[in-house]
Amino acid sequence: MKTTAFFTRMLSWLTGSRLTVDNSVVRELDLDRFLGSWYEVARFDHFFERGMSQTRANYVLRDDGNIDVINTGIKNGKPKTAKGKAKLTDIPSLLRVSFFGPFYSDYRVMLVDADYRYMLIGSGSDGYLWILSRTPQLADSDRTAILSDAKSRGYDTDKLIWVKQD
């Protein structure tokens, strides 16, 4: 029973079969400014990061033009790392990311600050949402702007988990 539920959730996530929000992406993404290290300041709860704090994402351009994705965090007092890769698409702000072998999912840059200080990231479904920042904490005005954008897209921002960053 648990195995069936897990695979049903995984299939839904991979195929992006649920969409009740506006997950449209920004028109342009400067890849050089996007690359580097980001703090995950907030996210929707999901099984692969549940219970994690101090989460960060690092994006590094590979020689083949793809991007290495290195996610780190702390769970139960121990460091955790997940390595994946992202493929570029014809739409610069829509990446295809994989942490599970040949299975890729949408990584949608829906909002990015003009100075690349913060981003709002979505997926192919309404069940995933991340707020990333170059700093561990957001300024109140930035937080308000991001939440306003997410709400206007139909996301339930009350579901966000604000990640502990020490």
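As the structure is a prediction and not an experimental result, all values here were calculated from the model.
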- Query: Got Ile121 and Leu129 here, is their nearest side-chain heavy-atom distance under 4.5 Å?
  - Reply: no
- Query: Should the pair Trp130 and Phe48 be assigned to parallel (<30°), tilted (30 to 60°) or perpendicular (>60°) ring geometry?
  - Reply: tilted
- Charged tip of Arg134 within 45° of Trp38 ring normal and under 6.0 Å: yes
- Message: Any side-chain to backbone donor/acceptor pair from Ser93 onto Val26? Under 3.5 Å, distance only.
- Response: yes
- Task: Could you check if a side-chain atom of Ser98 sits within less than 4.5 angstrom of a side-chain atom of Lys87, using non-hydrogen atoms only?
- Result: no
- Shortest non-hydrogen contact from Asp22 to Met110? O-SD, 4.1 Å
- Near Asn76 CG, under 6.0 Å, is it more than 12 heavy atoms from other residues, nucleotides or ligands? no
- Item | Straight-line distance of Ile161 CD1 to Met52 CE, nearest 0.5 Å | 12.5 Å
- With distance as the sole criterion, is a donor-acceptor pair present between the side chains of Arg96 and Thr89 under 3.5 Å? no
- Query: Got a second to check how far Ser105's OG is from Leu95's CG, nearest 0.5 Å?
  - Reply: 10.5 Å
- Query: Can you hop from Val97 to Leu132 via hydrophobic side chains spaced under 4.5 Å?
  - Reply: yes
- Message: Go through it in stages, so that I can follow the logic: the residues are Leu138 and Tyr39, the test is side chain to side chain contact (heavy atoms under 4.5 Å, CB included), and I'd like the CA-CA distance, side-chain angles, deciding distance and then a yes or no.
- Response: CA-CA 10 Å; Leu138 289 169; Tyr39 290 90; over 6 Å; no
- Message: Is the shortest side-chain heavy-atom distance between Asp68 and Lys83 below 4.5 Å?
- Response: no
- Message: Can you tell me how the ring of Phe34 sits relative to the ring of Tyr107, calling it parallel under 30°, perpendicular over 60° and tilted otherwise?
- Response: perpendicular
- Message: Is the shortest side-chain heavy-atom distance between Glu49 and Glu40 below 4.5 Å?
- Response: yes
- Task: Determine whether Asn71 and Thr55 make a side-chain contact, defined as any pair of heavy atoms from C-beta on separated by less than 4.5 Å.
- Result: no
- So do the side chains of Leu160 and Leu147 get within less than 4.5 Å of each other, counting heavy atoms only? yes
- More than 12 heavy atoms of other groups within 6.0 Å of Asp64 CG: yes
- Task: Show your working on side chain to side chain contact (heavy atoms under 4.5 Å, CB included) between Ile70 and Arg56 and close with a plain yes or no.
- Result: CA-CA 8 Å; Ile70 302 104; Arg56 293 183 74 168; over 6 Å; no
- Task: State, yes or no, whether a side-chain contact exists between Asp149 and Tyr155 at a heavy-atom distance under 4.5 Å.
- Result: no
- Tightest non-hydrogen contact, residues Arg108 and Ser123, listed as CD-O, 3.2 Å
- Message: Rounded to the nearest 0.5 Å, what separates atom CG in Asn23 from atom OG in Ser125?
- Response: 8.5 Å
- Message: Looking at every non-hydrogen atom in both residues, tell me the closest pair between Pro79 and Ile74 and how far apart they are.
- Response: CA-CD1, 3.8 Å
- Task: Could you check Val25 against Val109 for side chain to side chain contact (heavy atoms under 4.5 Å, CB included), going step by step and ending with a plain yes or no?
- Result: CA-CA 5 Å; Val25 296; Val109 181; 5.6 Å; no
- Nearest heavy-atom pair of Val163 and Ser53: which atoms, and what distance? CG1-CA, 4.0 Å
- Message: Please check: side-chain N/O of Ser148 versus main-chain N/O of Thr144, any donor-acceptor pairing under 3.5 Å?
- Response: no
- Task: Specify the closest pair of heavy atoms between Gln137 and Gln165, including all atoms of both residues, with the distance to one decimal.
- Result: NE2-O, 3.8 Å
- Taking atom CZ of Arg27 as the centre, does the number of heavy atoms from other residues, nucleotides or ligands within less than 6.0 Å exceed 12? no
- Is the closest side-chain heavy-atom distance between Pro136 and Val41 below 4.5 Å? no
- Query: Between Leu31 and Ile67, what is the shortest heavy-atom contact and its length?
  - Reply: CD1-CD1, 3.7 Å
